[in-house]
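Before any comments, here is the structure.
Below, chain A is the first sequence line, B the second, and so on; all start at residue 1.
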Protein chains: 2
Amino acid sequence: MDSAKILSDHNIKPSIIRVMIYDFVKNTKSHPTVDEIYTHLQPMAPTLSRTTVYNSVKLFASSGLFKALSIDGIQIRYDADIGHHGHFRCEECDRVFDFKIHEDAESGLDGFDITKREIFYSGSCIECKSKN
Amino acid sequence: MDSAKILSDHNIKPSIIRVMIYDFVKNTKSHPTVDEIYTHLQPMAPTLSRTTVYNSVKLFASSGLFKALSIDGIQIRYDADIGHHGHFRCEECDRVFDFKIHEDAESGLDGFDITKREIFYSGSCIECKSKN
DNA sequence: ATTAAATTTGTAATCATTACAGAATTGTAA
DNA sequence: TTACAATTCTGTAATGATTACAAATTTAAT
């Protein structure tokens, strides 16, 4: 669907920069950080401010368009895939992989209202593991 | 088991302060932050430095005695329970609850070497939910 | 007791993120 | 078009957790 329309549907005015930020995160599988978003878009939008990127991703996250991930515990990453899934970070090649979480994966939260789920594993991916 | 012996068994010299830090985290269910550890121990050890707390918890984590948790994305919390389990943070009362993760909860990581797992949910706990 | 090694401490630096206020842009009505 | 208000964008300064580092202290062994 048209990104501008998606933003509008969430009561966010689809300014050019907002659409650029939304599109980049949506089309980037690595779940970019604010810095990566800024570095990628800055050549196309020379006056872009880091603060604008921070503001936009926060706005998208609070509207449910993005999920905020603290995958490495250093910088927050943003994911336009809202569905329930896990993230695996390879500590050798630094890539991030998505993986599936089964239904009823947990117990002990009966009666709790779960609004946010974050699942983060790390180690060595299959490629890096076979190199060693 | 004796905390000093546990540290020794992991090739960590059991200094008084290290044992105090280890004991406090082990006996505190809330998975304290460095600041909470420091604030709690400082009256008993007036010369304690925050840096020492940082050094010690990092040492314990790298030795496999603690797990580092980025539950709220702001401060790192430390957990002396090494077993695989999840953490739920209630956004109303700010408490952290442990919960069980089933075996084979995920798929898509065949052949990967998983060395660290972090599972973090948030929302409203059963008590806060019933208050509303 | 002396000396070397390890630990502890305190200050200064780092770095991601946020606060904030002014500048620029957009939308609307005459 | 012009004027005006509302929103968005920008840049600098502040915040706050964590780390770097070197000096001070403690520990261990001879």
Side-chain angles (χ1 to χ4, degrees), chain A residues 3-4 7-8 10-25 30-63 65-78 89 94, chain B residues 3-4 7-8 10-25 30-63 65-78 89 94:
Chain A
S3 295
L7 297 191
S8 293
H10 285 78
N11 295 314
I12 295 171
K13 289 195 183 174
S15 72
I16 293 178
I17 287 181
R18 283 176 176 169
V19 172
M20 288 173 77
I21 293 170
Y22 179 78
D23 276 338
F24 177 59
V25 175
S30 64
H31 315 314
T33 64
V34 162
D35 210 66
E36 288 165 358
I37 299 168
Y38 174 78
T39 301
H40 181 262
L41 296 182
Q42 203 275 334
M44 294 170 248
T47 70
L48 179 62
S49 163
R50 238 171 266 265
T51 303
T52 299
V53 182
Y54 276 106
N55 289 341
S56 300
V57 293
K58 275 206 131 185
L59 179 63
F60 296 162
S62 69
S63 300
L65 281 169
F66 282 3
K67 268 175 97 169
L69 314 172
S70 48
I71 288 184
D72 57 8
I74 299 171
Q75 279 171 285
I76 299 169
R77 294 182 169 274
Y78 288 90
R89 176 165 159 273
D94 244 29
Chain B
S3 295
L7 297 190
S8 294
H10 285 77
N11 295 315
I12 295 170
K13 288 196 184 174
S15 72
I16 293 177
I17 286 179
R18 284 176 176 169
V19 172
M20 287 172 78
I21 293 170
Y22 179 78
D23 276 338
F24 177 59
V25 175
S30 65
H31 315 313
T33 64
V34 162
D35 209 67
E36 287 165 357
I37 299 168
Y38 174 78
T39 301
H40 182 262
L41 296 182
Q42 202 275 335
M44 293 170 250
T47 70
L48 180 63
S49 162
R50 240 171 265 265
T51 304
T52 298
V53 182
Y54 276 107
N55 290 341
S56 299
V57 293
K58 275 206 132 185
L59 179 64
F60 297 162
S62 68
S63 300
L65 281 168
F66 281 3
K67 267 174 99 169
L69 315 172
S70 47
I71 289 183
D72 57 9
I74 299 170
Q75 280 171 287
I76 298 169
R77 294 183 169 274
Y78 289 91
R89 176 165 160 273
D94 245 27

### Task
Could you list by number each residue of residues 67-76 of chain A showing a heavy-atom separation from DNA chain C of less than 4.0 Å, or answer none if no residue does?
A/Ile74, A/Gln75, A/Ile76
### Summary
On DNA chain D, more 5' by nearest nucleotide between A/Leu48 and B/Arg50 is A/Leu48
### Query
Between A/Thr51 and B/Thr52, which is nearer to the 5' end of DNA chain C once each is assigned its nearest nucleotide?
B/Thr52
### Terminal contacting nucleotides, 5' and 3', DNA chain D versus chain B (heavy atom, 4.0 Å)
D/dA17 to D/dC21
Just verifying a value: how many Å separate [X] [atom1] and [Y] [atom2], rounded to the nearest 0.5 Å?
X       : Y       : atom1 : atom2 : result
A/Ile17 : A/Leu41 : CD1   : CG    : 8.5 Å
A/Leu59 : A/His10 : CG    : NE2   : 11.0 Å
A/Ile74 : A/Thr33 : CD1   : OG1   : 11.0 Å

Just distance, no hydrogens or angles: give the donor-acceptor pairs under 3.5 Å from side chains in residues 42-49 of chain A, sequence neighbours left out.
from: A/Gln42; atom 1: NE2; to: A/Pro46; atom 2: O; distance (Å): 3.1
from: A/Ser49; atom 1: OG; to: A/Thr51; atom 2: N; distance (Å): 3.1

May I ask you to say what [X] touches in the nucleic acid, namely base, sugar-phosphate or nothing, with a heavy-atom cut-off under 4.0 Å?
X       : result
B/Arg18 : sugar-phosphate
A/Asn55 : base
B/Thr33 : nothing
A/Ser15 : sugar-phosphate

### Query
So where does chain B start and stop touching DNA chain C, 5' to 3', when the test is distance under 4.0 Å to a non-hydrogen atom?
C/dA6 to C/dT11
### Task
Could you tell me whether a side-chain N or O of B/Asn55 sits under 3.5 Å from a main-chain N or O of B/Lys58, the two making a donor and an acceptor?
no
### Message
Checking the side chain of A/Ser63 only, and the main-chain atoms of A/Phe60 only, is there a donor and an acceptor separated by less than 3.5 Å?
### Response
no
### Message
Between B/Ile76 and B/Leu69, is there a side-chain heavy-atom distance shorter than 4.5 Å?
### Response
no
### Task
Can you tell me which residue pairs pass the salt bridge (Lys or Arg N to Asp or Glu O under 4.0 Å) test with a partner in residues 32-41 of chain A, sequence neighbours excluded?
A/Asp35-A/Arg50, A/Glu36-A/Arg77
### Task
Could you tell me how the ring of A/Phe66 sits relative to the ring of A/Tyr22: parallel (under 30°), tilted (30 to 60°) or perpendicular (over 60°)?
parallel
### Query
Does B/Arg18 have any side-chain hydrogen bond (donor to acceptor under 3.5 Å, both in side chains) partners at least two apart in sequence or in another chain, and if so, which?
none
### Task
In plain terms, say whether B/Arg89 and B/Asp94 are close enough for a salt bridge, that is, a side-chain N and a carboxylate O under 4.0 Å apart.
yes
